[in-house]
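As the structure is a prediction and not an experimental result, all values here were calculated from the model. One is the number of the first residue; the rest follow in order along the sequence. Values reported hereafter were calculated over all heavy atoms of this structure, with side chains retained and with hydrogens, waters and symmetry mates removed. One-based numbering, in listed order, for ligands and for the atoms of each.
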Amino acid sequence: MLNLVLFGPPGAGKGTQAKFLEQRYQLRQLSTGDMLRSAIAKQTPLGVEAKGYMNRGELVPDEKVVGVISECLDEYRDAKGFIFDGFPRTTVQAVQLDRMLAERGERIEGMLLLNVPNDELLKRLMLRGRESGRADDQDESIILNRIKVYEDQTKPVADFYSAQGKLWVIEGVGAVSEITARLEAVIDTLLK
Ligand code: ADP
């Protein structure tokens, strides 16, 4: 299996790039944000609980998202590998992910961090809010809160993988296809 974490602040382009990498390497994208939005749309108990956190730009409790990922690992046991998108978002989640993979004889091969400055993130998310109608992209203060949550709670996850020698930093500004090529260059190195 090839298991990758696609990492970066909100608006870094993780979802966009994950779609290309999924195709190219036959991996399965696991986006906790997409799964939570789908749970909200279906009004499942998870969705009902997650909605408030997401609309305020806060993180959904660790045990909830860890549970969702654990179910996916079982459901897609035959996958060639996973691209984790938007997960892990806290060090607790990262530790749990290592544990869940180890239990299955697997591990994370690399974390790919998309580096994008905050002013560019704000611009992208405001635009996405207008185009997609996503609730948490509608309001500048909610977006700024998500960026702050990233800085405070999520960024330390990069140190966790860096300590394992697995962190790759990729410039996330430029044409989408250029950024895809940068990511592919790293993944091809990991595959060698
Ligand atoms: P973005 O990267 O633009 O913030 P996501 O779809 O990844 O978009 O996440 C949207 C929201 O979903 C987050 O602000 C958070 O409330 C919730 N969420 C997604 N993934 C996680 C996670 N791993 N842990 C906690 N909350 C999460």
Side-chain angles (χ1 to χ4, degrees), residues 3-19 21-22 29-42 44-73 82-101 108 111-158 160-161 170 172-173 176 179 183:
N3 297 307
L4 303 171
V5 175
L6 198 50
F7 193 75
K14 301 182 292 286
T16 304
Q17 295 297 337
K19 296 277 179 256
L21 301 177
E22 218 185 5
Q29 174 197 14
L30 295 182
S31 160
T32 41
D34 286 351
M35 293 182 224
L36 292 168
R37 277 185 290 279
S38 152
I40 291 176
K42 291 185 196 141
T44 67
L46 172 68
V48 170
E49 185 175 351
K51 190 174 178 175
Y53 294 104
M54 291 176 74
N55 287 352
R56 290 190 297 273
E58 295 166 10
L59 295 183
V60 174
D62 288 329
E63 66 274 15
K64 301 287 171 200
V65 283
V66 168
V68 169
I69 290 291
S70 169
E71 285 169 20
C72 290
L73 295 183
F82 295 104
I83 304 173
F84 295 94
D85 163 7
F87 179 91
R89 247 179 164 93
T90 63
T91 307
V92 170
Q93 293 177 20
V95 170
Q96 292 298 318
L97 178 61
D98 270 6
R99 178 189 58 77
M100 290 188 286
L101 289 174
I108 292 293
M111 166 185 266
L112 288 75
L113 189 167
L114 288 170
N115 197 25
V116 178
N118 285 356
D119 55 341
E120 171 74 15
L121 296 174
L122 186 60
K123 252 196 304 192
R124 289 186 190 179
L125 292 169
M126 297 291 281
L127 179 70
R128 186 169 79 185
R130 285 197 291 276
E131 288 175 347
S132 74
R134 233 177 87 167
D136 56 347
D137 287 342
Q138 296 300 320
D139 182 305
E140 184 167 335
S141 71
I142 295 171
I143 292 175
L144 291 173
N145 191 45
R146 280 155 64 210
I147 294 174
K148 183 173 183 328
V149 166
Y150 172 79
E151 305 272 348
D152 295 348
Q153 299 183 53
T154 305
K155 244 185 180 173
V157 178
F160 176 85
Y161 288 100
I170 287 114
V173 182
V176 170
I179 299 163
L183 290 165

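Considering only non-hydrogen protein atoms, atom 8 (O) of ligand 1 sits nearest to Arg134 NH2, 3.0 Å. Here the protein heavy atom with the shortest distance to atom 15 (C) of ligand 1 is Glu58 O, 3.5 Å. In terms of protein heavy-atom proximity, atom 19 (C) of ligand 1 is closest to Arg89 NH1, 3.5 Å. Residue, atom and distance of the protein heavy atom nearest to atom 18 (N) of ligand 1 are Leu36 CD1, 3.6 Å. The protein non-hydrogen atom at the shortest distance from atom 24 (N) of ligand 1 is Gln93 NE2, 2.9 Å. From the protein, the heavy atom lying nearest to atom 20 (N) of ligand 1 is Thr32 OG1, 2.7 Å. The protein non-hydrogen atom at the shortest distance from atom 12 (O) of ligand 1 is Met54 CE, 3.2 Å. Distance from atom 26 (N) of ligand 1 to its nearest protein heavy atom, with residue and atom name: Val60 N, 3.0 Å.
For ligand 1, the polar-atom distance check against Gly86 finds a nitrogen or oxygen pair separated by under 3.5 Å.
Within the 4.5 Å cutoff, side-chain heavy atoms of Tyr161 are placed close to those of Pro88. Counting only heavy atoms from C-beta outward, the side chains of Glu49 and Pro61 approach each other to under 4.5 Å.
Contact annotation: for Arg128 versus ligand 1, heavy atoms closer than 4.0 Å belong to the side chain alone. Under 4.0 angstrom from ligand 1, there are no non-hydrogen atoms of Arg56. In Val65, the part holding a heavy atom less than 4.0 Å from any atom of ligand 1 is the side chain. Residue contacts with ligand 1, taken as heavy atom pairs separated by less than 4.0 Å, involve Asp136 solely via side-chain atoms from C-beta onward.
Not one N or O on the side chain of Arg37 forms a donor-acceptor pair closer than 3.5 Å with the backbone of Arg134. Remark: the backbone N or O of Ala39 is not paired with any side-chain donor or acceptor of Lys51 at under 3.5 angstrom.
Heavy atoms only, all atoms of each residue included: Val116 and Gly172 are closest at CG2-O, 3.6 Å. Contact record, Val157 with Arg89: CG2-C, 3.8 Å, taken as the closest heavy-atom pair. In this structure, Leu121 and Ala12 approach most closely via the heavy-atom pair CD2-N, 3.8 Å. Pairing each heavy atom of Leu59 with each of Tyr53, the nearest pair is O-CD2, 3.4 Å. The shortest non-hydrogen separation linking Gly86 to Thr32 is O-OG1, 3.0 Å.
Of all the atoms in ligand 1, the ones that sit under 4.0 Å from a non-hydrogen atom of Lys14 are 2 (O).
Between Asp136 and Arg128 there is no salt bridge, since no side-chain N of the basic residue sits under 4.0 Å from a carboxylate O of the acidic one.
For the pair Arg37 and ligand 1, a heavy-atom separation below 4.0 Å is found. Not a single heavy atom of Met35 sits closer than 4.0 Å to an atom of ligand 1.
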